> 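Below you will find the structure I want to go over with you.
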Amino acid sequence: QVQLVESGGGLVQAGGSLRLSCAVSGLPFTNYPMAWFRQPPGKERDFVARINWNGGITNYTESVKGRFVISRDNAKNTVYLEMNTLKPEDTAVYYCAADRSPFIRKLKTAPDEYRYWGQGTQVTVSS
């Protein structure tokens, strides 16, 4: 059984930082690209960042470039999202997701391109 468990969300003031973690089990983690998505209240789930299976390639949506960093520790089966200089518009439920297939090089930004999802963690940025 594949499980993705996010943690690290919370309430932070604008300009602050948070680090999200996503622990993965039941999947050969080292083979799978991973991603973070977010869903603001009343809006669709949007792509935030993606990392390939060995951590050598990362991609970000434009609005978080220079502020967020995605990384992974394959020894711990965990993917991270370091979020800095947070803004109120970053407020959302953040989800980690695993690609449908291993060793995929193509950049994927649509939710339906990912097979496994965590339950989400709330991030609230106050102004």
Side-chain angles (χ1 to χ4, degrees):
Q1 181 181 358
V2 177
Q3 286 191 314
L4 285 68
V5 180
E6 299 101 335
S7 61
L11 173 64
V12 63
Q13 288 189 330
S17 299
L18 283 173
R19 188 194 197 201
L20 306 183
S21 300
C22 174
V24 180
S25 60
L27 190 73
F29 180 75
T30 57
N31 299 346
Y32 280 78
M34 299 292 298
W36 287 94
F37 285 76
R38 63 186 180 185
Q39 188 165 16
K43 297 186 178 180
E44 294 183 347
R45 192 171 299 189
D46 292 327
F47 172 79
V48 175
R50 174 180 167 96
I51 189 166
N52 76 329
W53 58 90
N54 64 8
I57 300 173
T58 57
N59 302 96
Y60 299 91
T61 192
E62 195 64 34
S63 63
V64 309
K65 284 182 180 178
R67 300 189 298 123
F68 290 13
V69 178
I70 187 171
S71 62
R72 65 191 295 159
D73 185 337
N74 283 350
K76 295 182 178 180
N77 284 12
T78 301
V79 61
Y80 304 97
L81 186 68
E82 181 77 30
M83 305 186 296
N84 301 306
T85 319
L86 282 160
K87 304 176 181 180
E89 51 263 44
D90 295 317
T91 294
V93 177
Y94 283 71
Y95 298 89
C96 67
D99 200 306
R100 288 186 175 276
S101 302
F103 302 120
I104 295 297
R105 295 181 181 272
K106 174 189 172 185
L107 172 60
K108 296 181 178 181
T109 60
D112 61 6
E113 294 180 298
Y114 292 82
R115 180 175 181 179
Y116 302 105
W117 292 84
Q119 82 288 351
T121 186
Q122 177 70 47
V123 172
T124 303
V125 185
S126 63
S127 57

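Bear in mind that the values here come from a model prediction, so they are computed numbers and not experimental data.
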> If we only count heavy atoms from C-beta on, is the Arg38 to Val64 side-chain gap below 4.5 Å?
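The answer is yes; the side chains approach within 4.5 Å.
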> Are Ile51 and Val69 in one and the same hydrophobic cluster, where Ile, Leu, Val, Met, Phe, Trp and Tyr link if side-chain heavy atoms are under 4.5 Å apart?
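Yes: a chain of side-chain contacts under 4.5 Å links Ile51 to Val69.
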> Which residue pairs pass the side chain to side chain donor-acceptor pair (under 3.5 Å) test with at least one member in residues 7-35, sequence neighbours excluded?
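Every side chain to side chain donor-acceptor pair (under 3.5 Å) pair that includes a residue of residues 7-35, provided the two are not neighbours, is Ser17-Asn84.
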> How long is the straight-line distance from NZ of Lys87 back to OG of Ser63, given to the nearest 0.5 Å?
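Taking OG in Ser63 and NZ in Lys87, the distance rounds to 7.5 Å.
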> Examine Val12 and Trp36 and state if one hydrophobic cluster contains both, with Ile, Leu, Val, Met, Phe, Trp and Tyr joined whenever side-chain heavy atoms are less than 4.5 Å apart.
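Looking at the clustering, Trp36 is in the same group as Val12.
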> Considering the options Thr58, Thr61, Thr109, Asp99, which one meets the side-chain hydrogen bond (donor to acceptor under 3.5 Å, both in side chains) requirement together with Arg50?
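Checked Thr58, Thr61, Thr109, Asp99 against Arg50; only one passes side-chain hydrogen bond (donor to acceptor under 3.5 Å, both in side chains): Asp99.
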> Are Tyr95 and Leu107 joined in one hydrophobic group, where the rule is that I, L, V, M, F, W and Y side chains link up if heavy atoms are under 4.5 Å apart?
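Linked within one cluster.
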> If you take all heavy atoms of Ser127 and Pro88, which pair is closest and at what distance?
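Looking at all heavy atoms of both residues, the closest pair is CB-CG, 3.9 Å.
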> State, to 0.1 Å, how close Val93 and Gly120 come at their nearest heavy-atom pair, and which atoms those are.
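Result for this residue pair: CG1-CA, 3.8 Å.
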> Look at the side-chain heavy atoms of Ile, Leu, Val, Met, Phe, Trp and Tyr, link any pair under 4.5 Å apart, and say whether Phe47 and Trp117 land in one connected group.
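Linked within one cluster.
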> Would you mind reporting whether Gln122 and Leu11 have side-chain heavy atoms less than 4.5 Å apart?
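The answer is no, as the side chains (C-beta and beyond) never meet within the 4.5 Å cut-off.
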> Using side-chain contact (heavy atoms from CB on, under 4.5 Å) as the criterion, list what pairs up with Lys43, not counting sequence neighbours.
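In terms of side-chain contact (heavy atoms from CB on, under 4.5 Å), with neighbours along the sequence ignored, Lys43 is linked to Pro40.
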> State which residues pass side-chain contact (heavy atoms from CB on, under 4.5 Å) with Val123; sequence neighbours excluded, sorted by chain then number.
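Only Leu18, Leu20, Met83, Tyr94, Val125 meet the side-chain contact (heavy atoms from CB on, under 4.5 Å) criterion with Val123.
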> Any side-chain heavy-atom pair from Leu4 and Met34 closer than 4.5 angstrom?
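Of all side-chain heavy-atom pairs linking Met34 with Leu4, at least one is under 4.5 Å.
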> For Tyr114 and Lys108, indicate whether the former's side chain and the latter's backbone hold a donor-acceptor pair under 3.5 Å.
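Answer holds: yes.
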> With side chains defined as the heavy atoms from C-beta onward, is the minimum distance between Cys22 and Val24 less than 4.5 Å?
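Sidechains of Val24 and Cys22: in contact.
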> Heavy atoms only: give me the nearest Val79-Phe29 pair and the separation to one decimal.
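Scanning both residues, the minimum pair turns out to be N-CZ, 4.0 Å.
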> Donor-acceptor check, side chain of Gln119 to backbone of Glu6, threshold 3.5 angstrom: yes or no?
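Yes, Gln119 side chain to Glu6 backbone: donor-acceptor pair under 3.5 Å.
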> Please check if atom CZ in Arg100 has more than 12 non-hydrogen atoms from other residues, nucleotides or ligands closer than 6.0 Å.
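Enclosed: over 12 neighbouring heavy atoms sit under 6.0 Å from CZ of Arg100.
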> Linking I/L/V/M/F/W/Y whenever their side-chain heavy atoms sit closer than 4.5 Å, directly or via other members, would Tyr116 and Val48 fall into one cluster?
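Per the 4.5 Å side-chain linkage, Tyr116 and Val48 are co-clustered.
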> Donor-acceptor check, side chain of Arg105 to backbone of Asn52, threshold 3.5 angstrom: yes or no?
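Not a single qualifying donor-acceptor pair exists.
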